[in-house]
Amino acid sequence: MNRVVLNNVEHADLRVAIRPGAEFGDNVNQLPIYPSEFEEAQRSFPIVFRREEGGIQAYALLGLDRDENLFLEDGRWTSEYVPAVQRRGPFSVGIDASWPDGGNQGEPLVYIDCADARVGADDGLPLFLEHGGNAPLLDHIASVLRVIHEGVISAPAIYAEFEDAGLLQPVDIQISLTEEDGYELPDLLTIDQTALADLSGESLEALHRSGLLRAATMAASSLGNIQHLIDRKNRRRLPA
């Protein structure tokens, strides 16, 4: 990895190809997502939560086996939505540590991994316009990185509100493909639909007022996509 701050002087003529593939980390069975992604993500993926050392994190389930993305076929995503952590390509966001207290006047910076094979690719798109300013690709990347940056900051408080309202329940998801073959997905948290329906009073009002009730509802409804995951798995494992 060769991660450097992107700038329009050194990288004025740089072109970057945004293409998925197993070699770029797309072939995984789950990816972290953030609350602002729930509305689009819930149309394609089950949304689950895990309790980790740093707190609770939401994930989109993409497959059942290790290193399996059932939405990646022939080097392309077949889902309607791709999580921001993969749409960002070789870009990331961070704070310039050279500033006092590790801050760049509070502004996040765009970094690029110059060692990534997509950077400098002949079929890449420009990052900057010929006569100055951001090219459409960089504007798109900036919006994707904003989702990640804001999500990292806001998600812990959101998930804490879900937990305080009694909405997160621990589950072990059992998936049966046939009478002999199945999977167990242990140590997950999901939005408890019964608890969600039973919300009332101050808890209901607070979640509704903050907009988090909608996010919780979308995460709960996304679990219906587990059947779509099973269907995709069966299509891939059974002969045509």
Any chance CZ of R236 has more than 12 other-residue heavy atoms, nucleotides or ligands included, within less than 6.0 Å? yes
Under 4.5 Å between side-chain heavy atoms, counting indirect links through other Ile/Leu/Val/Met/Phe/Trp/Tyr residues: same cluster for F91 and I33 or not? no
Testing the basics here: between A220 and Q193, what is the closest heavy-atom pair and its distance to 0.1 Å? O-NE2, 3.4 Å
Kindly give the heavy-atom pair with the smallest separation between Y81 and S79, and that separation in Å. O-OG, 2.7 Å
For L212 against F162, the heavy-atom pair lying closest together: O-CE2, 3.6 Å
Hydrophobic cluster membership, with links at side-chain heavy-atom distances under 4.5 Å among I/L/V/M/F/W/Y: are V4 and Y111 in one? no
Note, I173 side chain near Y183 side chain (heavy atom, < 4.5 Å): no
After noting the C-alpha distance and the side-chain angles of E161 and I158, does the key distance pass the side-chain contact (heavy atoms from CB on, under 4.5 Å) rule? CA-CA 5 Å; E161 287 200 47; I158 291 172; 5.8 Å; no
Measure across A41 and I47 and return the closest heavy-atom pair with its distance rounded to 0.1 Å. CB-CD1, 4.3 Å
Are F49 and Y59 an aromatic pair, judged by ring center distance below 6.0 Å? no
Are any non-hydrogen side-chain atoms of V110 and V93 less than 4.5 angstrom apart? no
Can I get a per-line list of side-chain donor-acceptor pairs under 3.5 Å for residues 117-128, giving both atom names and the distance, sequence neighbours left out?
{"from": "R118", "atom 1": "NE", "to": "D116", "atom 2": "OD1", "distance (Å)": "3.0"}
{"from": "R118", "atom 1": "NH1", "to": "R19", "atom 2": "O", "distance (Å)": "3.2"}
{"from": "R118", "atom 1": "NH2", "to": "D116", "atom 2": "OD2", "distance (Å)": "3.0"}
{"from": "D123", "atom 1": "OD1", "to": "R19", "atom 2": "NH1", "distance (Å)": "3.1"}
{"from": "D123", "atom 1": "OD2", "to": "R19", "atom 2": "NH1", "distance (Å)": "3.0"}

Is P83 close to F45 at the side-chain level, that is, under 4.5 Å between some pair of heavy atoms? yes
Linking I/L/V/M/F/W/Y whenever any side-chain heavy atoms sit under 4.5 Å apart, do L129 and L6 land together? no
Are I148 and F24 joined in one hydrophobic group, where the rule is that I, L, V, M, F, W and Y side chains link up if heavy atoms are under 4.5 Å apart? no
With rounding to the nearest 0.5 Å, note down the distance linking OG in S203 to NE2 in H208. 14.5 Å
Between V9, D13, N8, L14, which is the residue that forms a side chain to side chain contact (heavy atoms under 4.5 Å, CB included) with H11? L14
Within a strict 4.5 Å, meaning less than it, do heavy atoms of the R3 and I112 side chains meet? no
Run the salt-bridge test on R209 and E202 with the 4.0 Å N-O cut-off and return the result as yes or no. no
Please check if L207 and I56 belong to a single hydrophobic cluster, counting links between Ile, Leu, Val, Met, Phe, Trp and Tyr side chain heavy atoms closer than 4.5 Å. yes
To the closest 0.5 Å, what do you measure between CG (N69) and CD (Q30)? 11.5 Å
OH-CG distance between Y159 and L168, expressed to the nearest 0.5 angstrom: 9.5 Å
Looking at every heavy atom in both P90 and V16, which two are closest together, and how far apart are they? CG-CG1, 3.8 Å
Can you tell me how far CG of N225 sits from CG of D231, rounded to the nearest 0.5 angstrom? 10.5 Å
Take atom CD in E130; do more than 12 heavy atoms of anything else shown fall under 6.0 Å from it? no
Once rounded to the nearest 0.5 Å, what's the spacing between atom CG of N27 and atom CG of L70? 9.5 Å
Less than 4.5 Å apart, any side-chain heavy atom of M218 and any of E37? no
Pair L72-L62, side-chain contact (heavy atoms from CB on, under 4.5 Å): steps then yes or no: CA-CA 9 Å; L72 188 68; L62 310 176; over 6 Å; no
Checking side-chain hydrogen bond (donor to acceptor under 3.5 Å, both in side chains) for the pair E150/Y34: CA distance, chi angles, key distance, verdict? CA-CA 9 Å; E150 293 176 356; Y34 299 98; over 6 Å; no
Is there side-chain contact between R50 and Q57, with heavy atoms separated by less than 4.5 Å? no
With a 4.5 Å heavy-atom cut-off, do L223 and V48 have their side chains touching? yes
Determine whether L64 and N29 make a side-chain contact, defined as any pair of heavy atoms from C-beta on separated by less than 4.5 Å. no
Enumerate donor-acceptor pairs with a distance under 3.5 Å from any side-chain N or O in residues 185-192 to protein atoms, sequence neighbours excluded.
{"from": "T190", "atom 1": "OG1", "to": "Q169", "atom 2": "NE2", "distance (Å)": "3.4"}
{"from": "D192", "atom 1": "OD1", "to": "T194", "atom 2": "N", "distance (Å)": "2.9"}
{"from": "D192", "atom 1": "OD1", "to": "A195", "atom 2": "N", "distance (Å)": "3.2"}

My understanding is that only one of L229, D26, V82 makes a side chain to side chain contact (heavy atoms under 4.5 Å, CB included) with F71; could you say which? L229
Are the charged groups of K233 and E68 less than 4.0 angstrom apart, N to O? yes
Please find the pair of heavy atoms, one from G75 and one from P20, that lie closest to each other, and give the distance. O-CG, 3.1 Å
Atom OG1 of T78 and atom CD of E73: how far apart are they, to the nearest 0.5 Å? 4.5 Å
